[in-house]
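So the structure is just underneath, and the comments pick up after that.
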Amino acid sequence: MHVAALSGLMDVVAAQPDPSIQLTSRAALQLRGLPDPLTPWIRDAIRATGLVPSATHELVRNVVASPLSGLDDAGQCDLRPVVRDLDAALCADPGLAQLGGRFLFVLDDGRGDVIRESFDLGLFATEPGRCLVLAGGLTRGWEAPLDDAVPLILSLAREFVSRSAGDESVWHVKELAPPIGPEPATAITLRSAPERPLGRVGDHAVVAVPLGLLRPEHVAALTQVTDRVIVTPWRSLVVEDGARALPPLEAAGLVTHAGSPWTRLHACTGLPGCTRSALDTRALARDLAPSLPAGTLPVHVSGCERRCGTPATAYVDVLAPRSTADALSTIAEQEPPWT
Ligand code: SF4
């Protein structure tokens, strides 16, 4: 996406006390605290970014793809044209607007970085020009030329829409019985997941965004060094041709190296965005970051026992701490310094 689009979104939230654009685990962007209904000015400003090309299909354009595909040589192919074709074909089919906002497409160029997401329909590149199209998980797939993948994925999506119509208990492909698609199907075996990229990747850069909140100073720094970024599902951005710009991006508060506390410190929304919370979880996390002890597990600060946004893996649970000192003591209990 163009960095100018991020600047346009930042203009929309500029008047808020703590303006930010939230990066989601589906590699999407979220603006919070907007008036309901939206004012005409906000609607026009969002439309002007070009990020909402289809009003009817906006909720179903949930496509996560290997963020570095085509930018390095770790994948089997460049998936960028496939992603564009899938998005265009999805938006061109009126019936697919019924897929619903929870439906997820995942396209992995063979490096194994995103295919472990819980997806409805997926693609995994197995060799240059070949792939497996997958439905509802890793155990149900069909080999296909890469050129045939989009039509096959869309025909499975149409089958899902027609078979789930009127059944409010079915939200996902894996909930259909009998299973979707033609027989026979095959499974994929994955190697271990690659490490999440951070810092320099060839001529490009990957920068993490503390708490997944992109702030005005981040966007201003990005504007100075690139005109294109790719949003990852890991609350980070790929900065195309940005390797040389890592120092100014780091100076603006973006994370460029694995030693940063922000690679493992997370927080739920908390106050003021969530009234169930007794504290401003993000402010506490910002206070906590400089003194976060070394460790291996993610640390998640929650404002209440719902624990929104906790990682799927083991993590340090900091629940409604009374202070930064209280949070540090909880961390020491759950992840002693010798771990
Ligand atoms: S964990 Fe509780 S306080 Fe935090 S966002 Fe969820 S509901 Fe709100």
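Start at 1 and go down the list; that is how both ligands and their atoms are numbered. Predicted model only: the values in this text are computed from it and were never measured.
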Q.
Please classify the Arg307 to ligand 1 contact at 4.0 Å (heavy-atom distances, strictly less than): side chain, backbone, both or neither.
A.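 It is the backbone that gets close, since no side chain atom is under 4.0 Å.
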What is the closest protein heavy atom to [atom], and at what distance does it sit?
{"atom": "atom 4 (Fe) of ligand 1", "result": "Cys268 SG, 2.3 Å"}
{"atom": "atom 3 (S) of ligand 1", "result": "Ser277 CB, 3.4 Å"}
{"atom": "atom 2 (Fe) of ligand 1", "result": "Cys304 SG, 2.3 Å"}

Q) Does CZ in Arg43 sit with more than 12 non-hydrogen atoms of other residues, nucleotides or ligands closer than 6.0 Å? A)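 Check fails, neighbour count at 12 or below.
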Q) Within a radius of less than 6.0 Å around CD of Glu143, do more than 12 heavy atoms belonging to other residues, nucleotides or ligands occur? A)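 Atom CD in Glu143 is not crowded, with 12 or fewer foreign heavy atoms closer than 6.0 Å.
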Q) In terms of ring plane angle, is the pair His266 and His300 parallel, tilted or perpendicular, where the classes change at 30° and 60°? A)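 His266 and His300: parallel rings.
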Backbone N/O of [Y] and side chain of [X]: donor-acceptor pair under 3.5 Å:
{"X": "Ser20", "Y": "Gln22", "value": "no"}
{"X": "Asp11", "Y": "Ala14", "value": "no"}
{"X": "Trp142", "Y": "Pro182", "value": "yes"}

Q: Answer yes or no as to whether an N/O/S atom of Cys274 is found below 2.8 Å from atom 2 (Fe) of ligand 1.
A: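 Short answer: no, not a single N, O or S atom is under the cut-off.
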Q | ligand 1 atoms in contact with Arg276 (distance to a heavy atom under 4.0 Å) | A |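 The atoms of ligand 1 under 4.0 Å from a heavy atom of Arg276 are 7 (S).
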Q: Look at the N, O or S atoms of Cys308, main chain and side chain alike, and state whether any lies under 2.8 Å from atom 6 (Fe) of ligand 1.
A: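 So Cys308 does bind atom 6 (Fe) of ligand 1 by this criterion.
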